[in-house]
Amino acid sequence: MAEKRILPFYMTYPTSLVQPDENQMMRDLEYFQQLYPSGAKLLQREIRKVIDIMDYEGSLIYDEYPDRFAMQRLTRDILGKIRLQLNEEMENAEELEGVLRYENIEDYVYVLVLHEVWRRRQGSRRGYFLF
């Protein structure tokens, strides 16, 4: 007599239930970043340029527990660079200058820096949490 082997439901699609699709999560993240206001996009572009320079093995962005004060110093450095670039010819300078006048701009940029660092840690798989 032939023996019927019945698979439980979760075994028929094991990868879709165990781990979410990493590519789908990154596409969602990039889509929602496109929905950011234009001032935030400009700030994020400058933040990415600075984090690109810091993206090397042993960088503070890949520490197990990044130091809060170092991240705040990085934020102030990024804001300083952006303000210096405003003096030079920069596209959308008026809009960016308006964004930099916000009262809590340093906090806003700090959150964007932390998000970009988190994203780099996940994308490079040097971080501790994998999608």
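Values reported hereafter were calculated over all heavy atoms of this structure, with side chains retained and with hydrogens, waters and symmetry mates removed. Along the sequence shown, residues carry numbers from 1.
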Residues L60 and P66: closest non-hydrogen pair is O-CB, 4.0 Å
V113, V111: one ILVMFWY side-chain cluster at the under-4.5 Å cut-off?
no
To the closest 0.5 Å, what do you measure between CG (D107) and CD (Q72)?
8.5 Å
Is there side-chain contact between Y36 and L112, with heavy atoms separated by less than 4.5 Å?
yes
Nearest 0.5 Å please: distance from the CG atom of L74 over to the CG atom of L114.
9.0 Å
Would the distance check show the side chain of T75 and the main-chain N or O of M71 forming a donor-acceptor pair, the cut-off being under 3.5 Å?
yes
In terms of heavy-atom contacts, D55 and I61 come closest through CA-CD1, 4.2 Å
Where the side chain of R76 meets the backbone of E106, is there a donor-acceptor pair that is under 3.5 Å apart?
no
Decide yes or no for R68 and Y110: does some side-chain heavy atom of the first lie under 4.5 Å from some side-chain heavy atom of the second?
yes
Taking everything shown except E103 itself, do over 12 heavy atoms lie less than 6.0 Å from its CD?
no
Taking all non-hydrogen atoms of both residues, which atom of Y56 and which atom of Y62 are closest, and how far apart?
O-CD1, 3.5 Å
Please round to the nearest 0.5 Å and tell me the distance separating atom CG of L29 and atom CZ of R119.
5.5 Å
Please table the atom pairs, donor to acceptor, closer than 3.5 Å between any side-chain atom in residues 47-54 and protein atoms at least two apart or in another chain.
{"unit_1": "R48", "atom_1": "NE", "unit_2": "E116", "atom_2": "OE1", "d": "3.4"}
{"unit_1": "R48", "atom_1": "NH2", "unit_2": "Q33", "atom_2": "OE1", "d": "2.9"}
{"unit_1": "K49", "atom_1": "NZ", "unit_2": "E46", "atom_2": "OE2", "d": "3.4"}
{"unit_1": "D52", "atom_1": "OD1", "unit_2": "R120", "atom_2": "NH1", "d": "2.9"}
{"unit_1": "D52", "atom_1": "OD1", "unit_2": "R120", "atom_2": "NH2", "d": "2.6"}

Is it true that atom NZ of K81 has more than 12 heavy atoms of other residues, nucleotides or ligands lying nearer than 6.0 Å?
no
